Amino acid sequence: MHLTKGEERILGGEEGETRRRAMELLVALGDISKAEGLVPIVSAQVAGASFKTISEAGVEFLEELSADAKVTVKSTLNPLGMDREGWRDLGIDEEFAEMQMRILRAYDKMGIELTCTCTPYFVGNRPDSNEHIAWAESSAVVFANSVLGARTNKEGGPSALAAAIIGKTPNCGLQIEENRQPKVEVRVGFEPSFDDFSILGYVIGKSVGQKIPLITGISPAEDEHKAIGAAMAASGAVSMYRFAKDREECSQFDTIEETFSVEREQLNEAREHLNSSDSKPDIVTLGCPHLSVSEMKWIAWFLHGRQPRKDFQTWFCVSRKIANQCPNETAVMRQFGKIACDTCMVVAPIEKLSSSVATDSSKAAVYLPTLCNQKVLFRSRKKLLEMISK
Ligand code: F3S
């Protein structure tokens, strides 16, 4: 990989050991991907923030790194394993909380914004079209590439952090225009409702694997993009999709090699496949990916005037910033459950609190059994809200 003189100096250790190690990692990854060089980025989204996923060795590594590591571009952080303020209320134990706060302090020391969300694009990290970024968190990656038109590969925790420190990333994969063309057209043969988008993404992701799909016949709103993209990234390895609402828009793309259709019956089969329980869940969860302002408004509107059913524990997962922007909505929602800021049903140690979880998210339904040992009650958002209220 070609390096500039400045990059060579960093690699030679002239700017300190931490920057040398970060550069070494980027160069190794760039060489593997046959990148010609590094490209400057405007932002990073750093993952590896929950104590559940990084454990004690990860905490020590971050503390050591934070002694002299500083990020050089706007950098935001993925969800933690708990609500940094209301962790007791979620049932998190002291020991976990102490380790989690050490992680938070380490990232803070490095200059990373403690946004603690998988929706950085709602809280001020919203790059423009064609800007290069280095984001970890698969749901945010697919949103950035597909909806914002920014350019990122799906970074791992270490590579996103190294990119944040250096301010550059290897120029390869989805950073390059010619690699961003769709190869497979997916025709949606029905008009999806909001609740269909997540399961539609699951079905498409399973069918296309790593290829970039061109999804035709739909015109999603932003929250629907959030749902479909997260699901595609979870069931397949999709980091980007394109979409076209009609044949005319479709004709701009001349790289399609195959076409297939998705019908409503496939969604019903997939729903049954993701559902592993029909009994009462321990926790009803909403907000995977984290809720937007418009979703908060809709949920509060739906619940307004209804009575809570006290036999259900509910988590509304949302970034702290969005929750703070919605005081009226959170006041309504708090009557029905907990506003779980900074965290989510998958990265919190939910396996210590529950054995079955209800969700309307295909991504959560994929990961809850495998990463959290949970049975899953997979239902529409409206059904979940009807479960917790009367
Ligand atoms: Fe976000 Fe957690 Fe879902 S990180 S995308 S709410 S699994």
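Just follow the structure's listing: the first ligand is 1, and inside any ligand the first atom is 1. Because the structure is predicted, anything quoted here is derived from the model rather than measured.
Residue P79 places a heavy atom less than 4.0 Å from ligand 1. Residue C317 places no heavy atom under 4.0 Å from ligand 1. Within the 4.0 Å heavy-atom cutoff, G287 counts among the residues contacting ligand 1.
Of the charged side-chain nitrogens involved, at least one lies within less than 4.0 Å of a carboxylate oxygen, so that E113 and K74 count as a salt-bridged pair. For R306 and E386, the salt-bridge test fails: no basic side-chain N is under 4.0 Å from an acidic carboxylate O.
Taking atom 5 (S) of ligand 1 as the reference point, the nearest protein heavy-atom neighbour is K363 NZ, 3.4 Å. The protein atom (non-hydrogen) at minimum distance from atom 1 (Fe) of ligand 1 is C118 SG, 2.4 Å. Closest to atom 3 (Fe) of ligand 1 among all protein heavy atoms lies C288 SG, 2.3 Å.
The ligand atoms of ligand 1 that sit less than 4.0 angstrom from a heavy atom of E137 are 5 (S). Listed by number with element, the atoms of ligand 1 under 4.0 Å from a non-hydrogen atom of V346 are 7 (S). Heavy-atom proximity to S139, at under 4.0 Å, picks out these atoms of ligand 1: 5 (S).
Residue contact annotation: C344 places an N/O/S atom under 2.8 Å from atom 2 (Fe) of ligand 1.
The nearest pair of heavy atoms linking M110 to L62 is CE-O, 3.8 Å.
Counting only N and O atoms by type, the side chains of W315 and Q313 include a donor and acceptor under 3.5 Å apart. Side-chain polar atoms of N373 and E351 form no donor-acceptor pair below 3.5 angstrom.
Put simply, the side chain of L38 reaches to within 4.5 Å of the side chain of E7, judged on heavy atoms. Side chains of F190 and P192 form a contact here, defined as non-hydrogen atoms less than 4.5 Å apart.
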